[in-house]
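Single-structure report; data block below.
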Protein chains: 2
Amino acid sequence: MTRPHDLRRPLTLRDVSEASGVSEMTVSRVLRNRGDVSDATRERVLKAAKTLGYVPNKIAGALASQRVNLVAVIIPSLSNLVFPKVLSNISDELEDTGLQPVVGVTNYSPEKEEQVLYEMLSWRPSGVIIAGLEHTDAARAMLLNTDIPVVEIMDVDGEGIDSVVGISHRRAGLHMAEAIIAAGYRQIGFIGTKMPEDHRARKRLEGFKEGLAKAGIALADAEFYSGGSALAKGREMTEALLKRNPNLDFIYYSNDMVGAGGLLYCRDHGLDVPNQIGLAGFNGLDLLDGFSQRLATMDACRGKIGRKAAQIVAERSQGGQATGEVIEMEPVLQLGDTIRKP
Amino acid sequence: MTRPHDLRRPLTLRDVSEASGVSEMTVSRVLRNRGDVSDATRERVLKAAKTLGYVPNKIAGALASQRVNLVAVIIPSLSNLVFPKVLSNISDELEDTGLQPVVGVTNYSPEKEEQVLYEMLSWRPSGVIIAGLEHTDAARAMLLNTDIPVVEIMDVDGEGIDSVVGISHRRAGLHMAEAIIAAGYRQIGFIGTKMPEDHRARKRLEGFKEGLAKAGIALADAEFYSGGSALAKGREMTEALLKRNPNLDFIYYSNDMVGAGGLLYCRDHGLDVPNQIGLAGFNGLDLLDGFSQRLATMDACRGKIGRKAAQIVAERSQGGQATGEVIEMEPVLQLGDTIRKP
DNA sequence: ATGAAAGCGCTAACAT
DNA sequence: ATGTTAGCGCTTTCAT
């Protein structure tokens, strides 16, 4: 079979139009299921398009219609396990709306975020879902200047640009502190990442300290790591912390992965968790379900946040005019097996 | 300050042109660093663009120039940990080429893959990087019909469409079998996912069986799981397998995560790994570095594969005409602590 | 160094 | 139910 387009010129509507003997406009209507087209015509057009192997040019379509079915999703990282989860929920929620997520990764760099945002906005997407409330001035300006829905996700502790869906990390930290104190622990240490740009982790720690302070307690010690496998770092840092400060009876970790590393260390060294020492992380990673003891944690509502954010964008791109909603989810404390029962 | 575009009409080149008193064409040149423009003019244009908050419309630009700086990356999943790694390497490699990856996720469904591919091709990207060699007929046809570089990644066991970068999963399985036999294990079980569409896992198992067969051994038993946390499943399935078949002296897992679950089970039940029972997984996940014993595994070369695929696309989009390369990487066996030394 | 004109491949709006 | 026309906002090409 000789394909007339072996010239390697991408096919256009015109090619389909000629092959089917119908006007370009009608072909366009068929391909988009728009307007009235007779069944006979529809058949012929579809057959021609399929035979030729026509793939519509969305660039031209978007320019003509001023409509782009893309939603920009801007997140700090994909290796964090938190964000793939958010993403897949966004993706699921968008499934039947005709909208498609497009992902941009910033590596926790504000400058990279600005750049990725600029790049994505230049494709005129139908909405932006972006992690966090902290952006460069230029990024804020871009978001304020656009007329598409903007949803900032994960965090509600701060001022949003348009809509906001997330949890209060400050209160999450605070509640964890309260639970730990209620369980009777007093010598409390912290292990977290050395990431100045991870504002949510920072806010959790601030809230945590605040919770301790309410009970008249100060953080006994802290370690910050960067890079490497979180699990391995959790193990190392826990050892370091406990060697330096053998009196500790609790360690709060900035995420479940480091916490799990700590748990492994404690088990390997015969420490009685949760009686001798208690542990807690953050996120509610089901990844860790298989551990011998379930780490105390707090569900970050990642799935729900993704779904809700996608819903907001979808509704507004369908004409909904609501704007500036702030939706706060309530993270649930899971005591697991690493905090002793009061 | 009143912004004239508070009408919420997206700004165009024309607006910048008027604001700076220079023709649209010159503005365009400045914004793309193309052609000769006097420093004075450049300054004025840039200032005007910045003041207005102009964001170029890539849709129009792409239509006019027939050039799109996007690379479609189509992968089965983001929660697998394997793919985020590949992705971030692609992203890094593309960093300075002006190309941008755009991700599509198929959930291991061939139909979804076809649909995602169609969607992405309709944006006329500069290249396609797609996981695996197995596609629907329609998807194959689309890929064959396009004139942009196509790189199929992860797997080399089969026929490629254009370029292929990956490892032989069949040989990976085979080599693992050889190593296990060399270490003296004889009663060998397998635990893996029940995913008919995960062709790479299937090929590994086939190669593994082949390796056993060469030594006159058959798989003693096998379990297949689906859904849920891989770590928890590894624990459960290991228990099931060992209860049913206490004679087993080795379990081969289809990935490191289930393998780690199995390792946790064995340690919790006082089984001596690797003497009483040996374990091995697949992937070389550094995620697991913090475990007390390092699981035997085989590096899947995910990072290198991503980089090379991105290189191929980048080179060809710059005019390189090479085509149809098949690049096979060599996965390295890491004995870790869960295979006894021969 | 700068500008003018044409057109990329579609779709909105208006015929018929 | 189908066709015609006029752009969408840029870049290419050719002038100057």
Side-chain angles (χ1 to χ4, degrees), chain A residues 5 7 9-46 48-49 52-70 98 119 121-126 147, chain B residues 5 7 9-46 48-49 52-70 98 119 121-126 147:
Chain A
H5 59 287
L7 315 161
R9 173 181 56 74
L11 295 164
T12 67
L13 262 192
R14 165 165 224 126
D15 295 305
V16 183
S17 162
E18 283 170 1
S20 61
V22 187
S23 78
E24 289 185 40
M25 199 52 233
T26 301
V27 174
S28 168
R29 282 195 266 254
V30 171
L31 265 23
R32 287 176 300 144
N33 299 313
R34 272 264 168 32
D36 297 315
V37 183
S38 75
D39 284 355
T41 312
R42 162 181 272 85
E43 296 274 305
R44 268 198 303 157
V45 170
L46 287 176
L52 293 175
Y54 172 70
V55 178
N57 185 330
K58 288 226 180 199
I59 297 171
L63 184 61
S65 67
Q66 306 281 66
R67 218 190 298 285
V68 176
N69 70 336
L70 266 22
E119 188 75 18
L121 285 181
S122 71
W123 286 101
R124 302 287 188 261
S126 289
D147 55 348
Chain B
H5 60 287
L7 316 160
R9 173 181 56 75
L11 295 164
T12 68
L13 262 191
R14 166 167 222 123
D15 295 305
V16 183
S17 161
E18 284 169 0
S20 61
V22 186
S23 78
E24 289 186 39
M25 198 50 236
T26 301
V27 174
S28 169
R29 281 195 266 252
V30 171
L31 264 23
R32 286 175 302 141
N33 298 313
R34 272 266 168 29
D36 297 315
V37 184
S38 74
D39 284 356
T41 313
R42 160 181 275 89
E43 296 276 304
R44 268 197 303 156
V45 170
L46 287 176
L52 294 174
Y54 172 70
V55 178
N57 186 330
K58 288 226 178 195
I59 297 171
L63 183 61
S65 66
Q66 307 283 62
R67 220 189 300 282
V68 177
N69 70 335
L70 265 23
E119 187 75 18
L121 285 182
S122 71
W123 286 100
R124 302 286 187 264
S126 290
D147 54 348

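Lettering of chains follows the sequences in order, A, B, ..., and the numbering in each one begins at 1.
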Writing each nucleotide of DNA chain D 5' to 3' as (, ), [, ], | or . by Watson-Crick or G-U pairing under 3.5 Å yields ||||||||||||||||

What heavy-atom pair brings A:Ser23 and A:Ser17 nearest, and what distance separates the two atoms?
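Smallest interatomic distance, heavy atoms only, reads C-OG, 3.8 Å.
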
Show the nearest heavy-atom pair for residues A:Arg9 and A:Thr12, with the distance to one decimal.
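Heavy atoms only, the tightest pair is NH1-CG2, 4.3 Å.
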
Start at the 5' end of DNA chain C and walk down; is the nucleotide closest to B:Asp36 or to B:Arg124 reached first?
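Nearest nucleotide further toward 5': that of B:Asp36.
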
In residues 23-35 of chain A, what residues come within less than 4.0 Å of DNA chain D, judged by heavy atoms?
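By residue number: A:Ser23, A:Met25, A:Thr26, A:Arg29.
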
For DNA chain D, what residues of residues 56-66 of chain A have any heavy atom nearer than 4.0 Å?
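Hits under 4.0 Å, by residue number: A:Leu63, A:Ala64, A:Gln66.
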
Side chains of [X] and [Y]: closer than 4.5 Å at any heavy-atom pair?
X: A:Arg29; Y: A:Asp36; value: no
X: B:Asn33; Y: B:Arg42; value: yes
X: A:Leu11; Y: A:Val16; value: no
X: B:Val27; Y: B:Tyr54; value: no
X: A:Val45; Y: A:Leu31; value: yes

Excluding sequence neighbours, so at least two apart, what forms side chain to side chain donor-acceptor pair (under 3.5 Å) with A:Thr41?
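Scan of A:Thr41 (side chain to side chain donor-acceptor pair (under 3.5 Å), adjacent residues dropped) gives A:Ser38.
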
Do any N or O atoms from the side chain of B:Ser126 and from the backbone of B:Val68 form a donor-acceptor pair under 3.5 angstrom?
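Between the backbone of B:Val68 and the side chain of B:Ser126 there is a qualifying donor-acceptor contact (under 3.5 Å).
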
Is the side chain of A:Ser122 donor-acceptor paired with the backbone N or O of B:Asn57 at a distance under 3.5 Å, no angle test?
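No; judged by distance alone, with no hydrogens or angles, the pair does not exist.
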
More than 12 heavy atoms of other groups within 6.0 Å of B:Arg14 CZ:
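Counting neighbours around CZ of B:Arg14, 12 or fewer heavy atoms of other residues, nucleotides or ligands fall under 6.0 Å, so no.
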
Would you compute the distance between atom [atom1] of [X] and atom [atom2] of [Y] and round it to the nearest 0.5 angstrom?
X: A:Arg44; Y: A:Leu46; atom1: CZ; atom2: CG; answer: 11.5 Å
X: A:Arg124; Y: A:Leu70; atom1: CZ; atom2: CG; answer: 13.0 Å
X: B:Glu18; Y: B:Leu13; atom1: CD; atom2: CG; answer: 11.5 Å

Just the endpoints, please: which first and last nucleotides of DNA chain D, 5' to 3', lie under 4.0 Å from a heavy atom of chain B?
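Terminal contacting nucleotides, 5' to 3': D:dG9 to D:dT12.
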
Anything under 4.0 Å to a heavy atom of chain B counts; send over the first and last such nucleotide of DNA chain C, read 5' to 3'.
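Nucleotide range with atoms under 4.0 Å of chain B: C:dA1 to C:dG9.
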
With side-chain contact (heavy atoms from CB on, under 4.5 Å) as the test, would you mind laying out the steps for B:Glu119 and A:Lys58 before giving the verdict?
CA-CA 9 Å; B:Glu119 187 75 18; A:Lys58 288 226 180 199; 2.8 Å; yes

